[in-house]
Amino acid sequence: MRLYLTIALTNVRNNYRFFIPRVLTEAGLLACFNILYTLFRDERMSELRGGSYLPVFMAIGVMVVAILSVILMLYTNSFLMKQRKREFGLYNVLGMEKRHIGKVLFFESAASSLAGIVLGLGLGVLFYKLASLFICRLLGVESVFGFYYISPSTLLPCAAGFLLIDLAAFLVNRLSIARMKPVELMASAHTGEKEPRVRRLMLVLGAVSLGLGYFIAVTTEDPLAAIYLFFIAVILVMIGTYFLFVTGTTFVLKLLKNRKKYYYSKKHMTAVAGLLYRMKQNAVGLASICILATGVLVMISTTVSLYAGAEDTLDETYPMELYVDAHYRTADGERVAMSCGDLTELVREAASRAGAEVEAAVPIRYLAVRLAIDDVLRTSGMEALNSGGTAYFSFMTASDYRAATGADLGLAADEAALCVIGMSVGEEYGGGTLSAAGRDYRIAADCASFPPTYGHYGVVLPDEEALNAVYRWQKETLGAEAAEITERIGVSFGDRDAMRTLGFDVEREITQLGFEWVSARESHSEDVSFGTYSESLWEAAAEIYGVYGSFLFLGILLGLVFLFGTALIIYYKQISEGYEDRGRYQIMEKIGMSQKEVKASVGQQVLLVFFLPLVTAGVHICFAFPILEKLLHVLLLSETKLFVVCTLITFVLFALVYAAIYSVTSRTYYKIVH
Amino acid sequence: MTILDVKDLKKTYTSRFGGNQVHALKGVTFSVEAGEYVAIMGESGSGKTTLLNILAALDKPTGGSVTLDGMNLAEVKDGALASFRRENLGFVFQEFNLLDTFSLKDNILLPLVLGGKSVSEMEERLGPAAQSLGIADVLNKYPYEVSGGQKQRAAAARAVITNPKLLLADEPTGSLDSQSSSELMRVFEKMNRGGQTILMVTHSTDAASHANRVLFIRDGVVFHQIYRGDCSNEQLYRKVSDALTMLRRGGEGQ
């Protein structure tokens, strides 16, 4: 037993080039998994304002990392085994039985597994604190806990999960040893590989697919169509990337090879021939790296942009801080809306009790009613959006609209304005026709924003008379489905930032005062009923930061894991290629290539293999930019500049990290080759 | 004219902690005239490979000197060694050492490419070399597609394409069957008749019997040498064979 342990430990030490990355991989993945899982379980986090979204997002993250962990760990393992097959074959030939080798393997796996898991859990616990602080920061709340979260309920499942993966890897290895034939393993005869051929059909398909994907991304104008077209474009670009990496690179290299003047020169010959073979083996891996990298870039740049644009979105949708309407039951049980005047008084009082001050309060009367979309909107450009469904339409007079938003639409008596609530769609509907209460209105303006009301479409009617006509019309035609006009007020409090926290108190006070008001007014002693519908800056802020903050955190963490995976694939590729190329470069040195020339040739190849995926990812991002911008538009982010800046910063950071990985792995590669 | 002059060449290997010293070469002296074809024989461990490595400038001697065409190898700067090797020496190895990523043609042209020759010059030189070595019709194939004999002939073409002053061959027939071996030996003879100086290290009596002169190395010194004189290959074969027997007996006698 002792002997096997000694052999195993010696092996681990001698094969450190393979084992260290394996341990680090396991530790890194486990740490990420642990952080996500703890965030998922930690109730202190989900109780934070906006934190209710955390468990959902973290659950997604946990699943993604789990799948990625299994893939990457098994990849690492298969790589490790491939490199060591000869070694095991030698043991076998030297008289070790397979079960003895199995024992050595067991101790090796146990040692590296233990190291990986302990390190991973340690890092997880250590960085959990940082992660939770970061999340608090993202959610815009103060962190209240100053201690670490160490609990067997989160540590044990993580450890068990990774132990399971390691066990699976060990069993796979044990099985492959049971099946190995030592003679085959020892045979070092290098069977040559055929020079790759250019598959023309694949080349054409790849180019067409990529071109089409780019074309869609660049030319799509309709933001709503962009949502599903985006996925089509993504799939096309992915196919194009794979096909072109596999066959396009070969095509270009062959072209270069056929240009004798270019090919038969000191600088190019070994590099071109080397690349031809390298591409054959690595094209799929490189294409995967490229797609992973593009994914990371899109994920991080969009989440960062959304997060960074949250304030603009809030300012746009909430020009005033609070929009509220209230209702109560009278003594005889009738449900009555509180009038704008009464409600304004109530809010003023509530605000002063909570320590805030109402700066302005305006009435916003609107009628929200469910109607068939096709009956109301008759514009040619709108088919894509609405095919025969119904939607809530929110009708409002131009004067109320001006009071709430400050915007004078200048509508004539036969004109109306339309807004698709919750999306900044832009000037899509101008010139169309809108039909309400048997009257046709020309859609004179698209309003970018609509005061928070209930509904999918906001309609601004020219005057009170028009609104009343709609009211009477729907009362007559819809019967029980008919709606009442909502008496809502918009309130602004001056200090918007302070209201982010103070607002919750104001709302509590409103409810409190509301009950007092109703009980004073109506003489029923018990069963007092008062309720409000409100939309407020503070609720929206908590919500938007909850969603975007969680999203951003997930984007960053998954981005890191993807990057980590990318680095790992690259590292192992470099090493395995290094061992393969060693023989070639030794020959070259023997027949008169200086070390400097060898180094230059190696450098050229490695550089190209390395940066091709990065450059391609950059090109993908550039082409994806127009359609991503439209998608973000739908999600209410209208600042193009912000998105450009976020994408650029993300790309530069990514490139820096990538370059760091490059310099480390190419040094290892050169050490092996040399 | 003397093309290679080896004087009192010594090579001592010291184990890492300075304990044991192994004297691989204890003072080898010989010279090779331009246009000569010399075979070096010796048993495993006699120092043949060490000698060849030093002649190829892949290793440095601990004592003595090697002069190639008037140039002392010790005086060539490290940075210039690769180009020195490329311009003055040609190599044929036992295990061919062809690059599997290149076709035979590209393998043969590689030294010229490294030397920065023009494409037209390369093609000018390639044609006759391939023709005389009988590999003209397989030039566009890859090493794994041709026989061992063809590989070794391609390697020989690569070795002579730069018109080296000296062709060094290390067990060139070691990986070949007897048919391919004798073909290769005929090729060497032909190259030698064309004026190519050849120095070949070999185990094979048959291979050695094609040379003009055979040197025997034992225990790090030149022990014996045989000149062809007017002998035919068969007669030389017998002489070499006798010498080897004597060499072994002498070994046992000590």
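Here is the naming used below: chain letters follow the sequence lines, and residue numbers restart at 1 for every chain.
If you tally non-hydrogen atom pairs under 4.5 Å between each of Met588(A), Lys596(A), Lys267(A) and chain B, the highest count goes to Met588(A).
Expressed to the nearest 0.5 Å, how far NZ of Lys117(B) lies from NZ of Lys266(A) amounts to 10.0 Å. Taking CG of Leu276(A) as the start and CZ of Phe102(B) as the end, the distance is 10.0 Å to the nearest 0.5 Å. For the atom pair OH of Tyr264(A) and CG of Leu114(B), the computed distance is 13.0 Å after rounding to the nearest 0.5 Å.
Environment of CZ in Arg199(A): sparse, with no more than 12 heavy atoms of neighbouring residues, nucleotides or ligands closer than 6.0 Å. No more than 12 heavy-atom neighbours from other residues, nucleotides or ligands sit within 6.0 angstrom of CD on Gln131(B).
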>> Thr270(A) vs Thr101(B), test: side-chain contact (heavy atoms from CB on, under 4.5 Å). Steps then yes/no.
In response: CA-CA 9 Å; Thr270(A) 50; Thr101(B) 50; over 6 Å; no
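Using a 4.5 Å heavy-atom cutoff, the side chains of Asp100(B) and Arg584(A) are in contact. When side chains are defined from C-beta on, Lys260(A) counts as touching Glu123(B), because their heavy atoms get closer than 4.5 Å.
Only the backbone of Leu98(B) comes within contact range of chain A, with heavy atoms under 4.5 Å apart. Residue Phe84(B): no heavy atom, backbone or side chain, is found under 4.5 Å from chain A. For a residue to count as touching a neighbouring chain, one of its non-hydrogen atoms must lie under 4.5 Å from one of that chain's; by this rule Glu589(A) touches chain B with the backbone only.
The minimum heavy-atom distance between Asp106(B) and Met269(A), with the atom names listed, is O-CE, 3.3 Å.
At least one cation-pi condition fails for Lys590(A) and Phe91(B): the charged atom is not both under 6.0 angstrom from the six-membered ring centre and inside a 45 degree cone around its axis.
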